[in-house]
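What follows is a set of notes on a single structure, which appears directly below.
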Amino acid sequence: MENTINWSELSFGYMKTDYNVRCYYRNGRWGELEVSSSETVSIHMSATCLHYGQEAFEGLKAFRGKDGRIRVFRMDENAKRLQSSARGIMMAEFPVEKFEEAVCKAVRLNERFIPPYGSGASLYIRPLLVGMGALIGVRPADEYMFLVFVTPVGPYFKTGFRPAPVCMMRAFDRAAPNGTGTYKVGGNYAASLTAGNKAQENGYVAVLYLDPKEKLYLDECGPANFFAIRNNTYITPASNSILPSITNKSLTQLAADMGLKVERRPVPVSELGTFEEAAECGTAAVITPISRIDDLDENRSYIYSKDGKPGPTCEKLYNKLVAIQTGDEPDPYGWVKIIE
Ligand code: PLP
Ligand code: COI
């Protein structure tokens, strides 16, 4: 099997692997982890995940190091965020230790799908939590399923670590001002499909969303957080309608370690013209530098890369992050878990 996968040509897509790991919440408690080789799930037609969007998910990655060892990046953070999403839409919280156990199991059982060191690909890990209980009134379910599957992936954006254009369109929001934007729930992604498609049809990799209340501040960028560099400062939006990105949290630490000032605060649209570099960051996007932001309503563009190359600070941050993830450099904060 390994020989038939062209690891360096992988895109960000689904590929069948050998096993997934499942766990069910019934009668007020979580059961044992179960290993399955089936790609399908059997769901009651009246389950809350199908009707009322009781669904949350996570995304994290495993990497093969030069030393051959397997490393998973910050899975405790993903476990905690899934708990936060569960609270946000009234689902049963999945315990952190059980989450970690399920992830390690899924990775180990599918070891032959972990891309080799240096291929630029990684093993994407997708945990999800769904309401299974059959209801017809709008209420939280009393039964849930947690599932984790894995699939080898290449870069999320075709450009990889090369600057790509994004656009702003004030007619679209992905989340409401006091809605579910801070949770990783399926509904936010459904809400982003129309704008995302429109952007892609026009040659952009993503939409840079503005704050849904006033449209005065930057929110986030498609399935990734936004950051910018100016005057040796790492600037990233604070907002109560964006997902708290674990990649962004890691980059703020690495930026501070490199001697940059870090500002997490509301970022007015009016600052766009002052940035030296701009980028989006996330597990799938890693760091994707932004070449240009086109404000399609105001008919103006902000340019961050003219030569098709990432800016120097984005490049330094990218190299550092990837080096920690793959084990090329020390992991001073204990972000990486080695799977034996
Ligand atoms: N924002 C959104 C909407 C996302 O879907 C993601 C992806 O998980 C991110 C930001 C980045 O978060 P993380 O760095 O934890 O993957
Ligand atoms: C991730 O970065 O892990 C994501 O979940 C982004 C996306 C594929 C939804």
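Numbering of ligands and ligand atoms starts at 1, following listing order.
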Practice problem: Test side-chain hydrogen bond (donor to acceptor under 3.5 Å, both in side chains) on Tyr25 and Glu93 and set out the steps. | Solution: CA-CA 10 Å; Tyr25 181 89; Glu93 288 179 41; over 6 Å; no

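- Side-chain rings of Tyr24 and Trp30 stay apart, their centers remaining 6.0 Å or farther from each other.
- Residues Phe12 and Tyr124 have side chains in contact (heavy-atom distance under 4.5 Å, counting atoms from C-beta outward).
- Taking the six-membered ring for Trp and the full ring otherwise, Tyr189 and Phe57 have centroids separated by under 6.0 Å.
- No donor-acceptor contact under 3.5 angstrom links the side chains of Thr247 and Asn225, judged on distance only.
- By the 30° and 60° cut-offs, the orientation of the rings of Phe275 relative to Phe226 is tilted.
- Two residues are said to be in side-chain contact when any heavy atoms from C-beta on lie closer than 4.5 Å; Leu296 and Met168 fail this criterion.
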Quiz prompt | Full working for side chain to side chain contact (heavy atoms under 4.5 Å, CB included) between Ile293 and Leu272 | solution = CA-CA 9 Å; Ile293 300 173; Leu272 280 176; 3.7 Å; yes

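- Around ligand 1 you find Arg81, Arg174, Lys184, Tyr189, Glu220, Gly222, Pro223, Ala224, Asn225, Leu243, Ser245, Ile246, Thr247, Cys281, Gly282, Thr283, each with a heavy-atom distance below 4.0 Å.
- Protein residues with a heavy atom under 4.0 Å from ligand 2 are Phe12, Phe57, Gly59, Tyr124, Arg126, Tyr156, Lys184, Tyr189, Pro223, Thr283, Ala284.
- Aromatic ring centres of Tyr234 and Phe227: separated by under 6.0 Å.
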